[in-house]
Amino acid sequence: MTTMLNRPETAQARPPQRLVLQRAQGHGEVRFENRAGTRLAHLHQAGCCKIRLPKVHGAAPEAVFLNTAGGMTGGDRVSYEAAVGNKASAVFTTQACERIYRSTGDDAQIENTLRVGDDGHADWLPQETILFDGGRLRRTFNVELGAGSSFIAVESVILGREAMGEAVVSGSFRDRWRVRRNGRLVFADDTRLPPDMSLGLTGSGSLSGARAFATLVRIGDDLDGTVDALRTIGTNIHFGVSEVASGVLVARMIAPDGKSLRVAMTDALTYLRQDQPMPRVWAT
């Protein structure tokens with residue numbers, strides 16, 4: 001005699017679940033005010049975003065942004081809000097180059113905001129962003145300038161590490177600047193690299209095969225002679241500079257490697273900053 005065992009009904013097949021990867025998230029805020037000299041007024045940091053305030057010998061304090069995640073990949077998101085009050089001045093930089101690693105499809109996102117009060121000044125001097133093959137980055141930079149204020153800003157990108165023989169042939173890069181002064185838009189810029197970078201970066205109308213590039217902007221009321229002086233600096237790289245509107249200077253730099261770009265940026269920024277030394281983190 002054979003005994004038949006009752007078997008439970010087979011459960012319906014479950015749809016495959018999408019693997020959710022842990023992503024880096026962070027936000028930082030810092031504000032300086034003029035209180036018998038420029039003083040820290042507000043500091044907030046969350047997630048992977050940290051802000052350090054090193055001792056400096058100059059008149060303007062420095063805020064150093066730090067991403068403790070050690071780089072970014074698809075789905076990571078960080079944001080910083082920096083502010084300088086009326087008649088105050090400050091320097092904002094980064095502890096190291098930001099690294100954008102290969103993505104599985106999503107963009108890494110960086111959102112930066114800078115506000116400068118009336119008669120204030122800010123230097124926005126992050127170190128280079130290194131974009132690796134397959135990396136995807138979407139970055140925005142929004143600036144609000146008050147009456148009589150001024151600022152200097154640079155953003156630079158290096159495509160891979162030349163010393164390691166790396167080639168960047170795919171990925172995505174989108175960079176968006178919007179600068180307003182007294183509520184009026186004075187500078188708008190959008191840079192985009194195509195997914196197939198092997199085609200988009202070799203033509204004479206783009207990077208001509210260069211591996212590093214930068215955008216430098218100076219806004220203020222004292223630009224007399226600045227354009228001509230800057231044109232004598234970047235002689236070893238492709239370097240163009242012009243005053244695109246009253247009080248708005250824009251420079252573009254294209255270099256064969258990150259080292260050449262760093263030298264040109266340092267020379268140009270040192271001149272624009274009236275021979276003030278670059279942040280010490282730039283030398284590490």
Side-chain angles (χ1 to χ4, degrees), residues 18-29 45-51 65-82 92-115 124-144 151 153-161 166-180 185 187-201 205-207 210-217 250 252-254 258 261:
R18 182 183 178 185
L19 179 62
V20 179
L21 301 177
Q22 183 177 7
R23 296 306 187 197
Q25 305 284 331
H27 177 69
E29 301 174 6
Q45 49 194 5
C48 64
C49 290
K50 308 299 179 186
I51 301 175
F65 301 147
L66 171 63
N67 177 11
T68 59
M72 299 182 67
T73 186
D76 292 349
R77 183 170 181 173
V78 301
S79 61
Y80 288 100
E81 295 184 25
F92 304 96
T93 186
T94 57
Q95 187 268 342
C97 297
E98 187 62 89
R99 291 164 171 80
I100 311 300
Y101 297 110
R102 178 183 293 273
S103 169
T104 58
D106 294 331
D107 292 339
Q109 298 182 50
I110 300 177
E111 299 176 3
N112 294 319
T113 302
L114 173 65
R115 299 181 179 89
W124 183 269
L125 308 176
Q127 298 189 62
E128 300 88 343
T129 295
I130 302 177
L131 183 68
F132 291 90
D133 188 36
R136 299 179 61 89
L137 174 63
R138 185 167 71 233
R139 182 172 62 194
T140 61
F141 185 30
N142 292 305
V143 182
E144 298 285 347
F151 98 125
V154 66
E155 287 285 4
S156 52
V157 176
I158 299 174
L159 302 175
R161 296 174 296 184
E166 297 171 345
V168 178
V169 297
S170 66
S172 176
F173 175 77
R174 288 178 289 179
D175 194 25
R176 183 178 190 268
W177 292 51
R178 294 294 184 271
V179 182
R180 291 175 171 82
L185 184 67
F187 180 69
D189 187 64
D190 286 85
T191 300
R192 183 172 182 176
L193 300 183
D196 188 352
M197 295 187 185
S198 61
L199 298 176
L201 304 183
S206 54
L207 293 182
R211 300 178 61 99
F213 59 94
T215 297
L216 189 156
V217 176
V250 178
R252 308 283 192 182
M253 304 180 188
I254 301 175
L261 181 67

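The structure presented is a predicted model; accordingly, all values stated were derived computationally and were not measured.
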ask   = For Arg138, what residues pass the side chain to side chain donor-acceptor pair (under 3.5 Å) criterion, not counting sequence neighbours?
value =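 Side chain to side chain donor-acceptor pair (under 3.5 Å) check on Arg138 returns Asp107, Gln109.
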ask   = Under the side chain to side chain donor-acceptor pair (under 3.5 Å) test, which residues partner Asp76, sequence neighbours left out?
value =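 Scan of Asp76 (side chain to side chain donor-acceptor pair (under 3.5 Å), adjacent residues dropped) gives none.
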Would you give the length of the straight line joining atom [atom1] of [X] to atom [atom2] of [Y], rounded to the nearest 0.5 angstrom?
X      : Y      : atom1 : atom2 : answer
Thr129 : Met72  : OG1   : CE    : 9.5 Å
Leu216 : Arg252 : CG    : CZ    : 10.5 Å
Leu131 : Arg102 : CG    : CZ    : 11.0 Å

Exam field: side chain [X] to backbone [Y], donor-acceptor pair closer than 3.5 Å:
X      : Y      : answer
Gln127 : Gln95  : yes
Glu81  : Thr113 : no
Gln45  : Ile51  : yes

Please tell me if the side chains of [X] and [Y] come closer than 4.5 Å, counting only heavy atoms from C-beta onward.
X      : Y      : result
Ile100 : Arg139 : no
Arg23  : Thr73  : yes
Glu111 : His27  : no
Arg115 : Asn142 : no
Phe213 : Leu193 : yes
Thr191 : Trp177 : no
Trp124 : Asn112 : yes

Which heavy-atom pair separates [X] from [Y] by the least distance, and what is that distance?
X      : Y      : answer
Leu125 : Thr93  : O-OG1, 2.7 Å
Leu159 : Ala210 : CD1-O, 4.1 Å
Gly74  : Ser103 : CA-OG, 3.4 Å
Asp133 : Ser170 : OD1-N, 3.0 Å
Ala214 : Val154 : CB-CG2, 4.5 Å

task = Please list, chain by chain and in numerical order, all residues satisfying side chain to side chain contact (heavy atoms under 4.5 Å, CB included) with Glu128, sequence neighbours excluded.
result =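 Applying side chain to side chain contact (heavy atoms under 4.5 Å, CB included) to Glu128 gives Cys97, Ser156, Ile158, Arg262, Met265.
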ask   = side chain to side chain contact (heavy atoms under 4.5 Å, CB included) with Cys49: which residues, sequence neighbours excluded?
value =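 Testing Cys49 for side chain to side chain contact (heavy atoms under 4.5 Å, CB included), a comparison that skips the adjacent residues, returns Val78, Tyr80.
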inquiry  = Apply side chain to side chain contact (heavy atoms under 4.5 Å, CB included) to residues Ile110 and Phe141 and explain how you reach the verdict.
reply    = CA-CA 9 Å; Ile110 300 177; Phe141 185 30; over 6 Å; no
inquiry  = As a test of understanding, state which of Asp190, Asp189, Thr140 forms a side-chain hydrogen bond (donor to acceptor under 3.5 Å, both in side chains) with Arg178.
reply    =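 So, applying the side-chain hydrogen bond (donor to acceptor under 3.5 Å, both in side chains) to Arg178 and each of Asp190, Asp189, Thr140, only Asp190 qualifies.
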message = Going by the rule salt bridge (Lys or Arg N to Asp or Glu O under 4.0 Å), which residues pair with Arg99 if we only count those two or more places apart in sequence or in a different chain?
response =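 Partners of Arg99 by the salt bridge (Lys or Arg N to Asp or Glu O under 4.0 Å) criterion come out as none, since no residue qualifies.
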request  = Name all residues meeting the ring-ring contact (aromatic ring centres under 6.0 Å, His included) criterion together with Phe92; count only those two or more places apart in sequence or in a different chain, and write none if there are none.
outcome  =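 For Phe92 there are no ring-ring contact (aromatic ring centres under 6.0 Å, His included) partners, ignoring immediate neighbours.
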